Protein chains: 2
Amino acid sequence: MASIKDVAKMAGVSVATVSRVLNDKGYVGQHSREKVEKAIKELNYKPNEIARSLFKKHSNTIGLIVPDIMNPYFPELARAVEDTASKLGYNVILCNSDENKEKEQAYLDVLKQNYVNGIIVSSNTLTAEQIEALNIPIVSIDREISKGLPTIVVENKKGAKAATHFLKSKGRKRIGHIRGTAGVVNAEERCGGYREAVAEEPWFTESYIVNGNYDMESSIDATRELLGRHPDIDGIFAANDMMAIGAIKAAYQLGKKVPEELAVIGFDGIVLSSVMIPELTTVAQPIYEMGELATTVLVNLMEQQPMEKTYYTLEVELIERRTT
Amino acid sequence: MASIKDVAKMAGVSVATVSRVLNDKGYVGQHSREKVEKAIKELNYKPNEIARSLFKKHSNTIGLIVPDIMNPYFPELARAVEDTASKLGYNVILCNSDENKEKEQAYLDVLKQNYVNGIIVSSNTLTAEQIEALNIPIVSIDREISKGLPTIVVENKKGAKAATHFLKSKGRKRIGHIRGTAGVVNAEERCGGYREAVAEEPWFTESYIVNGNYDMESSIDATRELLGRHPDIDGIFAANDMMAIGAIKAAYQLGKKVPEELAVIGFDGIVLSSVMIPELTTVAQPIYEMGELATTVLVNLMEQQPMEKTYYTLEVELIERRTT
DNA sequence: TTGAAAGCGCTACCAT
DNA sequence: ATGGTAGCGCTTTCAA
C-alpha cells in the first residue's frame with residue numbers, strides 16, 4: 001500500500017506538503033497541489049487511518065453497546081446509528097453486552113484502548129462512576145444513567161397510560177398489565193402509567209399486575225397466571241411487544257379469541273409487530289429517530305460543540321392494528 | 001492515560017522491557033517482571049491498541065458487511081460473528097451496504113484504511129476483482145463470489161426440494177412457488193429445488209412460479225397474482241420466511257384459511273418464524289453456526305493457518321410448525 | 001537479561 | 001509557499 005512518502009516522492013515535494021493538500025490545511029501552491037493530486041490518483045493512495053488516529057488520539061470510530069443485537073428492538077437502532085455515523089465519517093464497532101457488568105466493562109476498556117471518539121450505550125447496569133472513570137463522550141439510550149449525561153428516552157409513562165386508556169376506550173372493563181423486567185427503569189415507568197390509568201377503577205387491585213421478563217416465554221407463563229387469577233380480564237397492556245406476543249400465544253392456548261375476548265396492546269413498535277398475524281396494536285417508539293439523534297448528539301459532544309440540551313424525551317405513538 | 005513510558009519510569013526499567021512483559025516475549029528477569037507488573041497494576045495501564053496496530057499493520061478488528069442489519073436474517077449472524085470474534089480477541093465493525101456497489105466499495109476502502117485483519121461479507125454485487133484488489137482475507141456468506149474464496153453456504157436446492165416434497169407429503173395437490181429476487185443465486189437454487197420436486201407433476205407449468213423480492217410486500221402482491229391465476233393452489237413454497245409471511249397475509253386477505261385451505265412453508269428459519277401466529281413451517285438455516293464458522297475460518301485465514309477446506313455447505317433443517 | 005534507538009504513517013510546529 | 005523534523009505509543013532489532 002502506498003504511503004504518504006511514496007506520494008511525496010512521486011510528486012517531488014515533501015510529506016508535509018502532501019499532508020497539507022490531504023487535509024486542505026495551510027498554504028499550498030497551485031502547482032504543488034496539482035502534482036500531489038496527480039500522484040495520489042496514480043498511486044490510488046488512501047491515507048492510513050491508524051497512523052492518523054495515533055497522532056490525533058482518536059480513531060473516527062464510535063462504539064455501540066447493546067444488550068443483544070438479536071433482541072428485535074436493536075437492529076433498527078443499530079442501523080440508525082450506523083447510517084448516521086457513516087454519513088458523518090465514523091465507523092461503528094458493535095458490542096453485545098448481555099447486560100453483563102463484566103462484559104460491559106471489558107468492552108468499555110477495549111473501546112478506549114482503540115481510541116474510539118465516543119460511545120452509545122443502552123444498558124441497565126452501567127454506573128455513573130464507570131462512565132466518569134472512562135472519560136470518553138457517551139450518550140445513553142433508554143435510561144438516564146446520571147444527571148448531565150446526554151440521554152435519549154421516550155415518554156414511557158405517558159405512552160403506558162395512553163395504551164391503558166385506549167383499551168378502556170375500546171370498552172374493555174378489566175385490564176391487566178404484564179410488567180417488564182424487575183428493576184429496569186422503563187418497566188417501572190410503564191407500570192406507573194398503567195397504574196395511573198386504572199387507579200380510580202373500583203375493580204383494580206395489585207393482583208392485576210404480573211411480572212414478565214421482557215421476553216415471550218416469561219410472558220406466556222405470566223399471562224396464564226394472570227388469566228387464571230382473573231378470568232374476567234378482557235384487555236392486557238404488555239410492557240413490550242415480545243410480551244404482548246406471548247400474551248396472545250397464551251390466549252390461544254387457553255382458547256381465548258384475540259381481540260374478541262381479549263384485547264392486547266404492546267409497547268415498542270418493533271418491526272415484528274406489524275408483520276405478525278394478527279398485527280399487533282402497540283405504542284411505538286421512534287426507534288430509528290432515537291438512534292439518529294443519539295448519534296448526532298454524540299458527535300456534537302465529541303466535537304465539543306455547544307449543546308443546548310442534554311436530555312431528550314421523544315414522543316411515542318399509539319398505532320392501532322388488529323389485536324384491540 | 002498512562003503510556004508504556006510511564007510504566008517504564010515507575011518500574012525503573014526501559015520501555016523495551018515493559019513491552020517484553022506485555023507480550024510475554026523475550027527474556028525478562030524475574031525481578032524486572034515483578035516491578036513492571038506492579039507498575040502496570042498501579043497505573044491501571046492498558047496498552048494503546050492503535051499504536052500497536054500501526055506497528056503490526058493490522059488492528060485486531062474484522063469488518064462485517066451485510067445488506068441491512070434490519071433484515072431479520074442478519075442480527076443472528078451479526079451476533080454469532082461478534083461473539084466469536086470477541087472470544088478470539090477481535091472487534092467487529094458493522095457495515096450496511098444496501099446491496100449498493102458504491103457503498104460496498106467505500107466500506108471496503110474504509111476498512112482497509114483502518115487496517116482490519118479481515119472481512120466477512122454477505123453480498124450479491126461484490127466481484128472477485130474487487131476482492132483481489134483489496135488483498136485482505138475475506139470470507140463470503142451465502143454466495144460463492146469466486147472459486148477459492150472461502151465461502152459458507154447452505155443446501156439451498158436440497159432444502160427447497162425437501163420443502164416442496166413435504167408439502168406433497170401433506171397431501172397438497174397444487175403447489176406454487178414464490179421465487180426470491182431475480183439474479184440472486186440462492187433464489188435460483190431454491191427455485192431449482194422446487195422445479196425438481198414438481199417436474200414430474202402433470203399439472204406443473206411455469207405459471208406456478210411467481211417472482212418476489214424477498215420481502216413481505218412483494219410477496220403479498222405475488223401471492224394474490226398466483227392465486228388469481230391458479231385458484232386451485234393449496235400449497236405454497238416461498239423462497240424465504242418474509243415472503244412466506246406475505247403469502248399468509250395475502251391468503252387472509254383473500255379469505256383463505258392457513259393451513260386448512262392453503263399450506264405455506266418458508267425458508268431461512270428467522271426468529272420471527274417461530275414467534276408469529278400461526279407459527280411458520282420453514283426450512284431453517286443454521287444461521288448462528290454459519291456466523292461462527294465464517295468467523296473461525298476467517299481468523300484461520302488471517303493467522304495464515306493451513307486450511308483443509310475452503311467451501312462449506314451446511315445442512316438445513318425442515319421445522320414443521322403450524323402453517324402446513 | 002537489558003536498554004537504546006529505529007521505525008510504523010501521519011500531522012503540525014518551526015524554520016526558511 | 002515549502003521542507004525538515006519531532007513525536008503520537010508501541011515493537012523489535014542490535015549491542016552491550
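On a predicted model such as this, the values are computed, not experimentally measured, just so you know. Naming convention: chains lettered A, B, ... in sequence-line order (proteins, then strands); numbering from 1 in each chain.
- Distance NZ (Lys46(B)) to C1' (dG9(D)): 16 Å, rounded to an integer number of Å.
- The side chain of Phe55(A) has dG7(D) as its nearest neighbour among dG7(D), dT2(D), dT12(D).
- A salt bridge is absent between Asp83(A) and Lys87(A); no separation between the charged side-chain nitrogens and carboxylate oxygens falls under 4.0 Å.
- A close approach under 4.0 Å does not occur between any side-chain nitrogen or oxygen of Asn48(B) and OP1 or OP2 of dC8(D).
- His58(A) places its NE2 atom 16 Å from the P atom of dC8(D), with the value rounded to the nearest Å.
- Here dC8(C) presents its C1' atom at 16 Å from CG of Asn60(B), a figure rounded to the nearest Å.
- The residue Thr17(B) sits close only to the backbone: its heavy atoms come under 4.0 Å of sugar-phosphate atoms, none of a base.
- If you check dC10(D), dA5(C), dG3(C) against the side chain of Pro47(B), the one that comes closest is dC10(D).
- With distances taken from any side-chain atom of Tyr27(B) to the nucleotides dT2(C), dG9(D), dG4(D), the minimum falls on dT2(C).
- In this structure, Met290(A) and Leu314(A) have side chains that are in contact, with non-hydrogen atoms separated by less than 4.5 Å.
- One atom, CG of Leu54(A), and another, C1' of dA6(D), lie 13 Å apart when rounded to the nearest Å.
- A side-chain donor-acceptor contact under 3.5 Å links Thr295(B) to the backbone of Gly291(B).
- Note: NZ (Lys25(B)) to C1' (dC10(D)) measures 12 Å, nearest angstrom.
- Here dA4(C) presents its P atom at 13 Å from NZ of Lys9(B), a figure rounded to the nearest Å.
- Between the CD1 atom of Ile4(A) and the P atom of dG7(C) there is a distance of 18 Å, rounded to whole Å.
- Closest to the Arg20(A) side chain, of the nucleotides dT11(D), dG3(D), dG9(D), is dG3(D).
- The 5' end of DNA chain C is approached more closely, in terms of each residue's nearest nucleotide, by Arg33(B) than by the other of Arg33(B) and Val18(A).
- Here Ser32(A) lies in heavy-atom contact (under 4.0 Å) with sugar-phosphate atoms only.
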